[in-house]
Amino acid sequence: MFLITDPHFYAVAIPAVLLLGISKSGFGAGFGSLAVPLMALAVTVPQAAAILMPVLLLMDVLGMAAFRKNVDRRLLMFMLPWGLLGIVIGAMLFKVLDPKVVAGIVGVVTLLFLAQRLVFPPRPDSLPPPRWAGVLLSITSGFTSFIAHAGGPPINAYVIPQRLSPVVFSGTLAFFFFFMNLSKWIPYAWLGLLDVSNMLTSLALLPFAPLGVWAGVRIAHRIKPQLFYRLLYLGMFLTGCKLVWDAVAIT
């Protein structure tokens with residue numbers, strides 16, 4: 001009934017929250033999906049996901065406030081309905097699928113996307129991905145977001161080729177994940193994940209949320225687009241490797 005007091009938990013949870021905050025600014029967006037795997041070193045994946053719910057809500061609000069004037073509304077309105085469908089699918093399958101297996105699938109998809117970008121680098125005149133790919137990746141993002149807060153890599157695979165500026169990229173995803181995370185509250189409560197202990201632990205982590213967002217926002221407004229996307233690829237690579245490792249480790 002009380003918050004977690006294990007120092008080992010906070011040794012991994014605080015860096016996880018800081019990574020999430022930085023990712024909410026758009027800068028280092030690939031790193032955000034490492035939060036749940038990091039916290040899973042100390043608690044179960046469902047408990048880690050539940051503890052992060054209030055933290056994510058605060059970060060989403062801060063991110064939207066920082067980038068409220070930098071949103072590709074047409075892209076956002078296209079992705080939202082499909083992302084919400086992915087949330088519904090995730091809620092229905094939550095008790096059936098092992099979150100680590102889902103995370104492993106996300107990791108493989110992430111690494112395949114990066115391999116494709118490396119082997120077939122985009123040209124200045126290359127077209128954005130087709131709409132059907134946007135539908136599939138938005139659904140996947142909503143699904144993996146519900147299971148393990150790992151919705152970043154799939155939606156990045158669709159949004160990165162749009163070649164948005166760093167601030168528009170950040171703002172569009174800030175609003176996208178606000179609605180994704182807001183829609184999780186009722187299903188998470190229905191699944192019994194929002195208990196008193198998890199919520200009190202989340203409150204203890206909340207002060208670290210603005211720090212991560214603040215650092216990421218300052219960087220996103222100052223970084224050059226080329227370096228921005230290189231670091232984004234690095235974050236996605238590390239995330240993909242970590243998620244695949246977690247999946248292999250349980251077999």
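Since this is a predicted model, take the numbers as computed values, not measurements.
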| Minimum heavy-atom distance G142-M180, with the two atoms named | CA-SD, 4.3 Å
| query | Cluster partners of V96, using ILVMFWY side-chain heavy atoms under 4.5 angstrom, listed by chain and number? | reply | none
| message | Surrounding CH2 of W185 (heavy atoms of other residues, nucleotides or ligands, distance under 6.0 Å), is the total greater than 12? | response | yes
| query | Do W132 and M79 belong together in a cluster built from hydrophobic side chains that touch within less than 4.5 Å? | reply | no
| said: List the residues meeting side-chain contact (heavy atoms from CB on, under 4.5 Å) with I89, not counting sequence neighbours, and say none if there are none. | reply: L85, L93, I139, F143
| said: Quick check: closest heavy atoms across M199 and A50, and the distance to 0.1 Å? | reply: CE-O, 3.5 Å
| task | Just jot down the side-chain contact (heavy atoms from CB on, under 4.5 Å) partners of P7, sequence neighbours excluded, or say none. | result | none
| said: Using the rule that Ile, Leu, Val, Met, Phe, Trp and Tyr join whenever any side-chain heavy atoms are under 4.5 Å apart, tell me whether I160 and L136 fall into a single cluster. | reply: no
| Pairs satisfying salt bridge (Lys or Arg N to Asp or Glu O under 4.0 Å), at least one member in residues 46-59, at least two apart | none
| query | Could you give all pairs that pass the salt bridge (Lys or Arg N to Asp or Glu O under 4.0 Å) test and reach residues 165-176, with sequence neighbours left out? | reply | none
| field | K69 and V167, any side-chain heavy atoms less than 4.5 Å apart | value | no
| said: Nearest 0.5 Å, please: how far is CG in L56 from CD1 in I51? | reply: 12.0 Å
| query | So L173 and L76, side chain to side chain contact (heavy atoms under 4.5 Å, CB included) or not? Walk me through it. | reply | CA-CA 8 Å; L173 290 190; L76 177 64; over 6 Å; no
| Side-chain heavy-atom pair L75, Y158 within 4.5 angstrom cut-off | yes
| said: For Y10, give me all partners under side-chain contact (heavy atoms from CB on, under 4.5 Å), at least two apart in sequence or on another chain. | reply: L3, I4, I14, T201, A204, L205
| query | What distance separates L194 CG from M53 CE, expressed to the nearest 0.5 Å? | reply | 6.0 Å
| remark: Sequence neighbours excluded, the answer for side-chain hydrogen bond (donor to acceptor under 3.5 Å, both in side chains) partners of S138 is none
| Of all heavy-atom pairs between H8 and A42, which one has the smallest distance, and what is that distance? | CD2-CB, 3.8 Å
| query | Would you say P210 and L58 make side-chain contact, with heavy atoms under 4.5 Å? | reply | yes
| query | Is there a donor-acceptor pair closer than 3.5 Å between any side-chain N or O of T172 and the backbone N or O of D72? | reply | yes
| Can you find a pair of side-chain heavy atoms, one from C241 and one from L111, that are under 4.5 Å apart? | yes
| field | Residues forming a side-chain contact (heavy atoms from CB on, under 4.5 Å) with P15, sequence neighbours excluded | value | none
| Cluster question for you: counting only ILVMFWY and a side-chain heavy-atom cut-off of under 4.5 Å, with indirect links fine, are I186 and L57 together? | no
| query | Does N181 reach the main-chain N or O of F177 with its side chain, forming a donor-acceptor pair under 3.5 Å? | reply | yes
| query | So do the side chains of L62 and W214 get within less than 4.5 Å of each other, counting heavy atoms only? | reply | no
| query | Which pairs pass side-chain hydrogen bond (donor to acceptor under 3.5 Å, both in side chains) with one or both residues in residues 73-90, sequence neighbours excluded? | reply | none
| request: Just do the side chain to side chain contact (heavy atoms under 4.5 Å, CB included) check on V168 and V71 with the steps written out, would you? | output: CA-CA 5 Å; V168 174; V71 181; over 6 Å; no
| remark: For F146, the ring-ring contact (aromatic ring centres under 6.0 Å, His included) test, sequence neighbours excluded, returns F94, Y188
| task | State whether the side chain of S141 and the backbone N or O of L137 hold a donor-acceptor pair below 3.5 Å, judged by distance alone. | result | no
| said: To check you understand the geometry: which heavy-atom pair defines the closest contact between M59 and V17, and what is its length? | reply: CE-O, 3.0 Å
| Are the side chain of S145 and the backbone of G151 linked by a donor-acceptor contact shorter than 3.5 Å? | no
| field | side chain to side chain contact (heavy atoms under 4.5 Å, CB included) between I87 and F179, intermediate numbers included | value | CA-CA 10 Å; I87 294 289; F179 289 107; over 6 Å; no
| So which pairs with a foot in residues 36-62 pass salt bridge (Lys or Arg N to Asp or Glu O under 4.0 Å), sequence neighbours left out? | K24-D60
| request: Would you mind reporting whether F169 and Q162 have side-chain heavy atoms less than 4.5 Å apart? | output: no
| task | Could you work out the complete set of other residues in the hydrophobic cluster of M92, with links drawn between I, L, V, M, F, W and Y side chains under 4.5 Å apart? | result | V88
